[in-house]
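All values below were derived from every heavy atom in this structure, side-chain atoms included, with hydrogens, water molecules and symmetry-related copies excluded.
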Amino acid sequence: QVQLVESGGGLVQAGGSLRLSCAASGGTFSMYAMNWFRQAPGKEREFVAAISWGSTSTRYADSVKGRFTISRDNAKNTVYLQMNSLKPEDTAVYYCAASRRYRPPGADHEYDYWGQGTQVTVSS
């Protein structure tokens, strides 16, 4: 059983930056592809970014390309999401999720483990 704990969320002004972290425990972190999702109030959860086991492949939602960067440190069992040039529409709860396969975005049940989320609020 893998436990995922997100951190790094907060309140930031538009144009600012935040770095989210997701720490994993209880499993072999390097065996999992890692993903970030977000859910804004009144909206469905949406895919943000993904990274393969060895960081050789990454994928981003069109809405964050060029602004967000996903990375991982397998020695620290942690995945990161660097968010730059933040916009009010980036306001959401951000979740990390682990999947045994590096895969295109899918339904929630297709991911093996989820964190509890961290709130990101971008003010205009």
Side-chain angles (χ1 to χ4, degrees):
Q1 188 80 2
V2 175
Q3 291 81 45
L4 301 174
V5 179
E6 301 94 336
S7 61
L11 174 64
V12 64
Q13 289 188 329
S17 298
L18 280 175
R19 188 195 196 200
L20 304 183
S21 299
C22 172
S25 61
T28 305
F29 179 72
S30 60
M31 292 178 61
Y32 292 90
M34 295 301 298
N35 311 266
W36 285 97
F37 287 77
R38 65 186 182 186
Q39 187 168 20
K43 295 187 177 181
E44 292 188 352
R45 187 150 55 186
E46 65 175 2
F47 169 80
V48 175
I51 188 167
S52 61
W53 311 278
S55 304
T56 54
S57 298
T58 58
R59 181 182 285 118
Y60 296 92
D62 288 344
S63 58
V64 306
K65 277 181 183 175
R67 300 189 298 122
F68 291 12
T69 302
I70 188 171
S71 62
R72 65 190 294 164
D73 185 338
N74 288 343
K76 295 183 178 180
N77 290 351
T78 302
V79 62
Y80 304 98
L81 187 66
Q82 178 68 44
M83 306 186 295
N84 299 329
S85 303
L86 282 161
K87 305 175 182 180
E89 51 263 45
D90 294 318
T91 294
V93 177
Y94 282 73
Y95 300 88
C96 66
S99 54
R100 289 186 175 86
R101 293 193 302 119
Y102 176 69
R103 49 161 303 128
D108 286 3
H109 70 269
E110 295 178 279
Y111 296 84
D112 299 283
Y113 302 101
W114 289 87
Q116 293 300 306
T118 185
Q119 175 71 47
V120 172
T121 303
V122 184
S123 63
S124 57

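Rounding to the nearest 0.5 Å places CD1 of Ile51 at 11.5 Å from CH2 of Trp36. With rounding to the nearest 0.5 angstrom, the CD atom of Gln39 is 9.5 Å from the CD atom of Glu46. Atom-to-atom distance recorded for Met34:CE and Asn74:CG is 10.0 Å, nearest 0.5 angstrom. Rounding to the nearest 0.5 angstrom, the gap separating the CG atom in Asp112 from the CZ atom in Arg101 is 10.0 Å. With rounding to the nearest 0.5 angstrom, the CH2 atom of Trp53 is 9.5 Å from the CZ atom of Arg72.
Sorted by first and then second residue, the pairs that involve residues 17-124 and meet disulfide (SG to SG under 2.5 Å), not counting sequence neighbours, are Cys22-Cys96.
Side-chain contact between Arg38 and Val64 is present, with at least one heavy-atom pair separated by less than 4.5 Å. You'll find the side chain of Ser17 reaches within 4.5 Å of the side chain of Gln82, heavy atoms only. In this structure, the side chains of Trp114 and Arg45 come closer than 4.5 Å at one or more pairs of heavy atoms. Using a 4.5 Å heavy-atom threshold, the side chains of Leu18 and Phe68 count as separate. In this structure the side chain of Arg100 reaches within 4.5 angstrom of the side chain of Tyr32, judged on heavy atoms.
In this structure, Arg59 is positioned above the aromatic face of Tyr102, its NZ or CZ under 6.0 Å from the six-membered ring centre and within 45° of the axis.
Contact record, Ala49 with Leu81: CB-CD1, 4.2 Å, taken as the closest heavy-atom pair. Residue Thr78 comes nearest to Ser21 through the heavy atom pair CG2-CB, 4.2 Å, listed as atom of the first residue, atom of the second, then distance. The shortest non-hydrogen separation linking Ser124 to Ala14 is CA-CB, 4.4 Å.
Below 30°, between 30° and 60°, or above 60°: for Tyr111 and Phe37 the angle between ring planes is above 60°, a perpendicular geometry.
By the rule that hydrophobic residues join a cluster once side-chain heavy atoms approach within less than 4.5 Å of another member, Val2 and Leu20 end up as members of one cluster. Follow the hydrophobic side-chain contacts under 4.5 Å out from Val120 and you never reach Leu11; the two are in separate clusters. Under a hydrophobic clustering in which Ile, Leu, Val, Met, Phe, Trp and Tyr are joined whenever their side-chain heavy atoms come within less than 4.5 Å, directly or via other members, Leu4 and Met31 fall into the same cluster. A continuous path of hydrophobic side-chain contacts links Val79 to Tyr113 [ILVMFWY only; heavy atoms under 4.5 Å]. Residues Val122 and Tyr60 share a hydrophobic cluster, clusters being chains of Ile/Leu/Val/Met/Phe/Trp/Tyr side chains in contact below 4.5 Å.
Side-chain atoms of Asn35 come within 3.5 Å of backbone N or O of Ala97 as a donor-acceptor pair. For Glu6 (side chain) and Gln116 (main-chain N/O), a donor-acceptor pair under 3.5 Å exists by modelled atom type. When atom types are taken as modelled, the side chain of Asn77 and the backbone of Gly26 share no donor-acceptor pair closer than 3.5 angstrom.
Salt bridge status for Lys87 with Asp90: absent, with no side-chain N to carboxylate O gap under 4.0 Å.
Taking the side-chain contact (heavy atoms from CB on, under 4.5 Å) definition, one finds that Val93 meets it with Tyr95, Gln119, sequence neighbours left out. The side-chain contact (heavy atoms from CB on, under 4.5 Å) test applied to Ala75 returns Asp73, not counting sequence neighbours.
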